[in-house]
There are 2 protein chains.
Amino acid sequence: MSGEDNNDIDFGVLDELIGYRLRKTQLVFFNRFGDACADVGISPGLFGVLVIVKRNPGLTQTAVAMALGNDRSAMVAAVDKLEQMNLVERRPSKSDRRSYALYLTEEGQTRYQSIEERVLEYERELQSVLKPGEQELLLDMLMRLTESGIQS
Amino acid sequence: MSGEDNNDIDFGVLDELIGYRLRKTQLVFFNRFGDACADVGISPGLFGVLVIVKRNPGLTQTAVAMALGNDRSAMVAAVDKLEQMNLVERRPSKSDRRSYALYLTEEGQTRYQSIEERVLEYERELQSVLKPGEQELLLDMLMRLTESGIQS
DNA sequence: TATTGTTATACTCTATAACTATA
DNA sequence: TATAGTTATAGAGTATAACAATA
């Protein structure tokens, strides 16, 4: 997908921009995620919802959206899809009739394992270019860069 | 823009996934880029074209697209916009009447400087959470992760 | 035949605003 | 009044397929 004979191209300041490199690298991870999970219909965004619901059963849609940092309107289609795949179910909240509590279905619990395995497998594959300790350092740097830019 | 009181949320495997962290961090950089350059109408993608054309004057649209790793069909709207802003111009290629050679206009040359300054300024701001030497290390790791995943 | 720029198209991701039913 | 889920909508970003002009 990337360039071919870019050896003779001068990338100027792009070579020093973390923002530019992040975009390219994120695209590689995104594409690999697709290769790994396309047949099960799980995108990176849907996987995020899946993880949050699995680890925090009973959350409302809005709470999941806040956890993932996106708008609650985006949750509707996401949960719709996961419900159609019979991975997640909406249960009416007992305390608040406006909201749902989200849970993995029984099928969701078992299928989650194989999905997570796939994700971890392609991550390990890509991370194989990192030396010991570099993964933790990379995650730490990315976390710091994210926290500093909460603003807005 | 991100979550608020996510202290009590269990992110499970997401905390170890470089792909997930990349996406979040890239979004922060993307948003900051917008804050820094919205008034001049330059997006991260347009800035990439600008840099390549400045450092490699005379390239065709397809060559710029390959350098940046995206499809040549996307270049049409990009160059259209940059041409309307009077930053870039299409000159007919002497050797090949199918293609254009891309150059910064005179106005593009001068305005490029202030745009690059803005970009470098917000990058420095975000990078202030990195310790000495970490920027180079981060860029190196990102580069390695990208090169390993060229495939597809 | 292959390639350049182009158009049409479509799909994903994301955000905003407004609606409804509840609180 | 404020909030949860929803809908409609719109804007990027990106990719594919096909076409005309040219190689």
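Because the structure is a prediction, the values reported are computed rather than measured. In what follows, chains are A, B, ... by sequence order, proteins preceding strands, each numbered from 1.
Residue A:Arg97 places no side-chain N or O under 4.0 Å from the OP1 or OP2 atom of D:dA4. Close to C:dT3, at under 4.0 Å from its OP1 or OP2, lies no side-chain N or O of B:Ser99. One finds a side-chain N or O of A:Ser43 lying less than 4.0 angstrom from the OP1 or OP2 phosphate oxygen of C:dC13. Of the side-chain N and O atoms in A:Arg90, one or more sit less than 4.0 angstrom from OP1 or OP2 of D:dT6. Phosphate proximity of D:dT14 to A:Arg23: present, with a side-chain N or O under 4.0 Å from OP1 or OP2. For A:Arg98 and C:dT20, the shortest distance from a side-chain N or O to OP1 or OP2 is not below 4.0 Å.
Between the CZ atom of B:Phe30 and the P atom of D:dG11 there is a distance of 15 Å, given to the nearest Å. The distance from atom CG of B:Asn31 to atom P of C:dC13 is 17 Å, rounded to the nearest whole Å. Here the P atom of nucleotide D:dG13 and the CZ atom of B:Arg72 are 21 Å apart, to the nearest Å. Atom CD in A:Glu83 sits roughly 12 Å away from atom P in D:dG5 (whole-Å rounding). To the nearest angstrom, P of C:dT12 lies 15 Å from CZ of A:Phe33. In this entry the distance linking CZ of B:Phe29 with C1' of D:dA12 reads 20 Å, nearest Å. A straight line from CG of B:Leu27 to C1' of C:dT14 spans 9 Å, rounded to a whole angstrom. Separating the CZ atom of B:Phe47 from the C1' atom of D:dG13 is a distance of 18 Å, rounded to the nearest angstrom.
Within the model, atoms CG of A:Leu27 and CG of A:Leu22 stand 11.5 Å from one another, a figure rounded to the nearest 0.5 Å.
Scanning atom types as modelled, no donor and acceptor separated by under 3.5 angstrom connect the side chain of B:Ser73 and the base of D:dT14.
When heavy atoms are screened at a 4.0 angstrom cut-off, A:Ser93 is found touching no nucleic acid atom at all. Among the heavy atoms of the strands lying under 4.0 Å from B:Asp71 is at least one base atom, whether or not backbone atoms are also near.
Of the listed nucleotides (C:dT6, D:dA15, D:dA23), D:dA23 has the atom at the smallest distance from the side chain of B:Asp96. Among the nucleotides D:dA23, D:dA4, C:dC13, the one closest to the side chain of A:Pro44 is C:dC13. Residue B:Thr62 has its side chain nearest to C:dG5 when only C:dG5, D:dA23, D:dT6 are considered.
Of the possible polar contacts, one joining the A:Thr110 side chain to the A:Glu107 backbone as a donor-acceptor pair under 3.5 Å is found.
Between A:Tyr20 and A:Phe11, the ring planes lie tilted relative to each other; the angle falls in the 30° to 60° range.
Annotation: A:Gln113, atom CD; neighbour count of heavy atoms from other residues, nucleotides and ligands within 6.0 Å is above 12.
Under a hydrophobic-cluster definition in which Ile, Leu, Val, Met, Phe, Trp and Tyr are linked whenever side-chain heavy atoms come within less than 4.5 Å, directly or via other members, A:Val40 and A:Phe33 are assigned to the same cluster.
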